[in-house]
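The structure appears below as structure tokens.
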Amino acid sequence: MRLVVYDGSKVGLLKDTQVVDVSDIVGAGQEEWPPVAVSRLIGGFAKLRPRLEEALKTRKGTALDSVRLGPPVPYPSKVIAAPANYRLHIQEMSTPQMREVVKQEVHAIDQYGVFLKAPSSVVGPGATIELPFPDRRTDHEVELGFVVGKTARNVKMADAMAYVFGYTGVMDITVRGGEDRSTRKSFDSFTPLGPALVTADEVPDPHNLQLKLWVNGELRQDGNSKDMIWNIPKLVEYASHVMTLYPGDVVSTGTPDGVGPLKAGDEVTIEIERIGRMSVKVDLRKP
Ligand code: MN
């Protein structure tokens with residue numbers, strides 16, 4: 001199943017190039033605040049699933065290209081992310097030139113653990129990344145994100161995959177420099193998610209997915225999730241030892257190599273195998 005949020009707070013399921021409205025089934029109200037219908041759907045999925053499948057079979061859809069997609073998880077209680085989780089990315093961050101930009105030595109994830117991005121930085125496909133500092137390097141990172149399906153605390157690696165509801169694409173937009181990651185990666189619009197939330201049954205091997213990113217049509221990143229240093233079970237085990245994970249929490253698994261700077265006017269596109277493709281624009285932040 002491929003879940004989307006569209007036209008404000010509507011919740012839908014993708015059927016080929018159509019989107020089937022299931023807002024009534026999941027109780028997604030327009031102007032709802034906080035916008036937690038998808039989190040509720042995920043938490044109650046086992047119960048809702050038969051009605052959602054029925055709707056997918058029987059309801060008429062709307063053309064996907066006529067709706068405006070939002071982030072498939074608009075209000076995660078947390079966005080957890082993995083720093084330095086691909087060796088080639090650590091290498092590219094460790095050149096003498098990059099050391100000047102990043103102001104610190106870059107180690108592998110086992111030296112850092114995980115970090116948090118502000119949930120308020122989440123936006124959807126078609127959004128605009130707003131650069132807060134025109135004079136500071138701000139980079140793109142394409143990442144596979146997984147979404148937590150049930151409350152998880154102290155989960156062992158062997159049990160971890162049962163806590164994964166599904167997968168989505170993440171851009172982990174990052175100002176380079178010496179500040180804490182939670183600052184540099186939490187500006188509004190710095191976490192585009194999408195285009196859809198794909199349930200785990202449609203992604204038999206999340207540790208073998210190609211991740212690509214283009215800037216203005218030029219391929220900049222082309223990696224595979226098989227190269228993660230900490231895999232998904234390890235990330236679940238580690239993160240759930242630190243904090244209770246709730247349905248709808250997003251965990252971004254780190255970027256492969258090929259990161260690079262963005263500038264106003266750019267268009268950034270990501271494509272993750274089995275998950276889909278989405279684009280966002282880049283502009284300077286409005287004063
Ligand atoms: Mn990242």
Side-chain angles (χ1 to χ4, degrees), residues 71 73 76 78-95 98 101-123 127 129 131-132 136-147 167-194 206-207 209-215 220-232 234-236 238-239 242 249-262 268-272 275 278 280 282:
V73 189
K78 317 178 253 313
V79 178
I80 299 169
N85 202 23
Y86 285 76
R87 294 197 191 286
L88 292 178
H89 174 56
I90 298 169
Q91 271 179 32
E92 74 180 347
M93 298 303 279
S94 304
T95 62
M98 279 312 293
V101 176
V102 302
K103 315 262 191 230
Q104 53 200 299
E105 199 177 337
V106 179
H107 304 283
I109 186 168
D110 55 304
Q111 302 282 309
Y112 300 116
V114 295
F115 67 93
L116 293 168
K117 299 191 71 163
S120 47
S121 65
V122 166
V123 292
I129 296 167
L131 305 176
R136 288 188 58 180
R137 180 166 159 168
T138 303
D139 281 8
H140 55 74
E141 301 186 346
V142 58
E143 309 195 359
L144 173 66
F146 67 87
V147 175
Y167 302 91
T168 193
V170 183
M171 293 187 212
D172 176 19
I173 305 302
T174 305
V175 174
R176 297 296 175 201
E179 300 94 335
D180 194 88
R181 282 185 179 80
S182 64
T183 298
R184 292 185 290 103
K185 293 167 173 275
S186 283
F187 290 90
D188 288 0
S189 78
F190 271 29
T191 311
L193 294 184
H207 298 103
L209 300 175
Q210 206 66 23
L211 292 78
K212 293 183 181 179
L213 179 144
W214 296 260
V215 177
R220 295 277 180 85
Q221 295 192 259
D222 188 6
N224 191 292
S225 60
K226 71 178 178 341
D227 293 321
M228 283 179 209
I229 297 171
W230 278 8
N231 64 11
I232 293 166
K234 176 67 183 175
L235 288 166
V236 170
Y238 186 92
V242 178
D249 282 354
V250 175
V251 183
S252 198
T253 58
T255 186
D257 62 311
V259 304
L262 297 171
V268 189
T269 301
I270 63 169
E271 187 176 271
I272 301 179
I275 311 297
M278 70 166 172
V280 297
V282 182

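The model shown is predicted, which means the values in this text are computed figures rather than measured ones. For the single chain, residues carry numbers from 1 onward in sequence order. First listed ligand is number 1; within each ligand, the first listed atom is number 1.
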Give the name of the N/O/S atom in E143 that lies closest to the Mn ion (ligand 1).
OE2

Go through the structure and list residues passing ring pair (Phe, Tyr, Trp, His ring centres under 6.0 Å) with F115, not counting sequence neighbours.
none

So which atom in S121 and which in S186 form the shortest heavy-atom distance, rounded to 0.1 Å?
CB-O, 3.7 Å

Among the N/O/S atoms of D172, select the one at the shortest distance from the Mn ion (ligand 1) and name it.
OD2

Just give me the atom name: the N, O or S atom of E141 closest to the Mn ion (ligand 1).
OE1

When E141 is tested against each of R184, R176, R220 for salt bridge (Lys or Arg N to Asp or Glu O under 4.0 Å), which residue passes?
R176

Crowded around R87 CZ? As in, over 12 foreign heavy atoms under 6.0 Å?
no

